[in-house]
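In what follows, a structure is listed as structure tokens, so that the remarks can point back to it.
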Amino acid sequence: MPPKAAAASPDGQQIDLTSLPSQTLLNIKRQLDSELSTLNTSFTSLRTAQSRFSSCLQTLAAGISNRASGTPLLVPLTTSLYVPGTLADVDKVMVDVGTGFYVEKSVKEAETFYKGKVGELGANLKDLEKILEGKGQNLRIVEEVLRQKMAQEQSAGAKGAKGAAVASG
């Protein structure tokens with residue numbers, strides 16, 4: 001028997017997994033697999049967003065303030081499409097605040113905005129990581145109980161088949 005063959009139900013009470021039929025355990029396993037897949041996708045998306053905001057911070061620190069107005073540069077339209085442009089104002093930048101909306105901010109305000117986003121996403125990633133660990137542990141427990149149930153059913157089926165062969169012989 002696994003160390004903990006119980007799982008919390010949505011209302012917070014413990015469920016003894018060993019008392020559930022194999023088909024129910026299989027359904028629980030499938031649901032946990034699906035949830036883990038979705039959560040891993042979300043984790044990856046959050047990590048990517050955090051990386052983009054960190055990149056924006058690095059760009060602000062390295063690029064804008066030490067350049068003069070009128071300096072030629074490439075302006076990103078997408079991640080792979082850039083167009084030539086010139087730096088119009090070294091004190092103001094356009095900040096993507098989400099869903100395609102841009103706001104003009106000072107370099108300091110932009111740094112504060114991006115630092116806040118990086119910190120917020122970092123906290124969300126830590127929370128999501130804890131959830132992923134818990135779901136992963138639940139999945140391992142369900143898989144172990146399911147393995148034991150399948151072994152018991154195969155063992156009982158083999159004994160039943162032997163008994164039927166002896167009785168007919």
Side-chain angles (χ1 to χ4, degrees), residues 1-62 76-82 95-103 105 109-169:
M1 174 134 67
K4 280 186 175 180
S9 68
D11 60 359
Q13 66 186 27
Q14 294 288 317
I15 298 172
D16 182 13
L17 295 176
T18 57
S19 67
L20 297 175
S22 298
Q23 189 60 40
T24 303
L25 287 171
L26 196 56
N27 289 338
I28 291 170
K29 180 191 176 310
R30 285 183 187 133
Q31 182 177 350
L32 285 170
D33 282 334
S34 174
E35 288 175 7
L36 276 170
S37 175
T38 301
L39 290 171
N40 276 321
T41 300
S42 296
F43 188 86
T44 302
S45 296
L46 287 175
R47 178 74 71 201
T48 301
Q50 186 185 41
S51 175
R52 273 186 281 171
F53 287 129
S54 293
S55 176
C56 290
L57 271 172
Q58 291 171 354
T59 300
L60 285 172
L77 295 181
T78 67
T79 55
S80 60
L81 178 62
Y82 292 79
V95 176
D96 183 358
V97 294
T99 62
F101 288 98
Y102 290 84
V103 175
K105 292 183 176 277
E109 290 171 332
E111 286 176 356
T112 302
F113 174 80
Y114 287 129
K115 284 178 183 175
K117 286 293 185 181
V118 168
E120 181 183 330
L121 288 172
N124 289 345
L125 283 165
K126 283 183 182 180
D127 292 344
L128 188 54
E129 197 168 21
K130 289 176 188 173
I131 293 169
L132 279 166
E133 288 173 8
K135 294 274 184 190
Q137 180 64 27
N138 287 346
L139 179 61
R140 285 187 289 281
I141 292 169
V142 167
E143 286 173 337
E144 180 61 30
V145 171
L146 186 58
R147 264 192 292 278
Q148 288 178 357
K149 285 247 182 211
M150 296 292 204
Q152 287 173 352
E153 289 171 5
Q154 286 178 346
S155 173
K159 287 179 184 175
K162 273 187 185 176
V166 171
S168 65

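Each residue takes its place number in the sequence, starting with 1. Since we're looking at a predicted model, the values are computed, not measured.
Atom CG of Asp33 sits about 9.5 Å away from atom CZ of Arg30, to the nearest 0.5 Å. From Lys149, atom NZ reaches atom CG of Leu26 across 13.0 Å, with rounding to the nearest 0.5 Å. From Ile28, atom CD1 reaches atom CD1 of Ile15 across 6.5 Å, with rounding to the nearest 0.5 Å. Atom CD in Gln152 sits 7.0 Å away from atom CD in Gln148 (nearest 0.5 Å). In this structure, CG on Leu60 lies 11.5 Å from NZ on Lys105, to the nearest 0.5 angstrom. Going from atom CD of Glu120 over to atom CG of Leu46 covers 10.0 Å, rounded to the nearest 0.5 Å.
In this structure, the side chains of Asn27 and Gln23 come closer than 4.5 Å at one or more pairs of heavy atoms. For the pair Leu20/Val145, no side-chain contact is recorded, criterion being any heavy-atom separation below 4.5 Å from C-beta on.
When atom types are taken as modelled, the side chain of Lys29 and the backbone of Leu139 share no donor-acceptor pair closer than 3.5 angstrom. A donor-acceptor pair under 3.5 Å is absent between the side-chain atoms of Ser155 and the main chain of Ala151, judged by distance alone. Side-chain N or O atoms of Thr48 include one that pairs as donor or acceptor with a backbone N or O of Thr44 at under 3.5 Å. The main-chain N or O of Arg47 is never found under 3.5 Å from a side-chain atom of Ser51 such that the two would form a donor-acceptor pair.
Salt bridge present: Arg147 and Glu144 bring a charged side-chain N and a carboxylate O closer than 4.0 Å.
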Practice item. Dump the intermediate steps for side-chain hydrogen bond (donor to acceptor under 3.5 Å, both in side chains) on Glu35 and Gln31, then the final yes or no. Key: CA-CA 6 Å; Glu35 288 175 7; Gln31 182 177 350; 3.0 Å; yes
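Ring-plane geometry between Phe53 and Tyr114 is classed as tilted, the angle between the planes lying from 30 to 60 degrees on a 0 to 90 degree scale.
Smallest separation of non-hydrogen atoms from Ala110 and Val95: CB-CG2, 3.7 Å.
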